[in-house]
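Here's the structure we're looking at; comments come further down.
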Amino acid sequence: MRIIKVYGFISLIAFWLLLSCSAKQNNSNASQVGADMIPFKGGPTEAAKRQIGTYDAKGNLKITANLSKLKMIFENRLKENGYKTTVAKVEIKEGIIEGTSEKYFYLIGVSEGGGVKIVTRLFASSNGVGDLVADMSPSNMFKKTCVCVSTCKEGCNPDLYLAKDGFVHWKCTPCSNTKDCRKTVTDSL
């Protein structure tokens, strides 16, 4: 009889732990997704955030972070993925998530000639001032990037779309004159 009570007690504790862990996981997901936001795998988390730029109501986008450091972070990620190229231009752009009407911001690095494009999504800071922040990994890399590589003149641009799984994912738009467009998405822990 004593053994049954012990096993019953242990089962009760295990069940309680299971419920409490499940509730914590649901709460953390809820804090990442606002009422008007679509979930983005790799979006703002507890990882370090770095201010990259600013935006205002007139649509002006400005990089405030050190441009050389941003290029270096992008180039290091490209090297990790086997691309030996330099980033010639870095800028902040905005777009509309395909399949929605939601606006998003992103930081894009483009190689000389435009054959390699690398992006990371930027998020409006919770301070409400118009700051744009990037989610950073502990190794000081952008947490999630998408690389689009092609020899085409137009197209093969990174873009976000709402997938059937309910999450927003990166894609590379098709080339205008060839099917040569490759995508690599990297998610740092």
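Because the structure is predicted, anything quoted here is derived from the model rather than measured. Residue indices begin at 1 and follow the sequence shown.
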Worksheet item: Heavy-atom count around E154 CD within 6.0 Å, excluding the residue itself: above 12?
Response: no

Worksheet item: What's the shortest heavy-atom distance between V90 and I63, and which atoms?
Response: O-CD1, 3.6 Å

Worksheet item: Is it the case that more than 12 heavy atoms not belonging to K183 sit under 6.0 Å from its NZ atom?
Response: yes

Worksheet item: Taking NZ, NE, NH1 and NH2 as the nitrogens, is one of them in K144 or D135 under 4.0 Å from a carboxylate oxygen of the other?
Response: no

Worksheet item: Which atoms form the tightest heavy-atom contact between V87 and E75, and what is the distance?
Response: N-OE2, 2.7 Å

Item to complete: Measure the CD1-OG1 distance between I92 and T54 for me, rounded to the nearest 0.5 Å.
Response: 7.0 Å

Practice prompt. Identify the two heavy atoms, one from E102 and one from T100, that lie closest to each other, and give their separation to 0.1 Å.
Written response: N-OG1, 3.0 Å

Worksheet item: Does the side chain of I73 come within less than 4.5 Å of R50's, by heavy atoms?
Response: yes

Worksheet item: Once the angle between the rings of Y106 and W170 is folded into 0 to 90°, is it parallel (under 30°), tilted (30 to 60°) or perpendicular (over 60°)?
Response: perpendicular

Practice prompt. Could you tell me whether E112 and K89 make a salt bridge, using a distance below 4.0 angstrom between a side-chain N and a carboxylate O?
Written response: no

Practice prompt. Start with the C-alpha distance between C156 and C148, add both sets of side-chain angles, then the distance that settles disulfide (SG to SG under 2.5 Å), and finish with yes or no.
Written response: CA-CA 6 Å; C156 199; C148 297; 4.9 Å; no

Discussion item. So does D131 get a backbone contact from the side chain of S125, meaning a donor-acceptor N/O pair under 3.5 Å?
Written reply: no

Practice prompt. Answer yes or no: is there a side-chain heavy-atom contact under 4.5 Å between F123 and L132?
Written response: no

Practice prompt. Assert yes or no for the condition that the ring centre distance of F74 to F142 is strictly below 6.0 Å.
Written response: yes

Worksheet item: Does D56 use its side chain to pair, donor to acceptor, with the backbone of G59 at less than 3.5 Å?
Response: yes

Worksheet item: Given the rule in the disulfide (SG to SG under 2.5 Å) test, do C175 and C152 qualify, once you have shown the distances and angles that lead to the verdict?
Response: CA-CA 6 Å; C175 286; C152 64; 2.2 Å; yes

Discussion item. According to a hydrophobic-cluster definition based on side-chain heavy atoms being under 4.5 Å apart (Ile, Leu, Val, Met, Phe, Trp, Tyr only), do L67 and L122 belong together?
Written reply: yes

Worksheet entry | Option among R121, R77, E80 that satisfies the side-chain hydrogen bond (donor to acceptor under 3.5 Å, both in side chains) test with T145 | R77

Worksheet item: Between L61 and F105, is any pair of side-chain heavy atoms under 4.5 Å apart?
Response: yes

Discussion item. With heavy-atom distances below 4.5 Å as the criterion, would you say the side chains of T184 and T186 are in contact?
Written reply: yes

Worksheet item: If you measure from the SG of C146 to the SG of C172, is it under 2.5 Å?
Response: no

Worksheet item: Q51 and V133: which non-hydrogen atoms are nearest, and at how many Å?
Response: CA-CG1, 3.9 Å

Item to complete: Give a yes or no on whether the backbone of S68 and the side-chain of N66 come within a donor-acceptor separation of less than 3.5 Å.
Response: yes

Worksheet item: Which atom pair, heavy atoms only, marks the closest approach of K117 to G155?
Response: NZ-O, 3.2 Å

Worksheet entry | Flag for D159-T173: side-chain donor and acceptor within less than 3.5 Å | no

Worksheet item: For A134 and I52, which heavy atoms make the closest approach, and how far apart are they?
Response: CB-CG1, 3.7 Å

Discussion item. Any side-chain to backbone donor/acceptor pair from D180 onto T151? Under 3.5 Å, distance only.
Written reply: yes

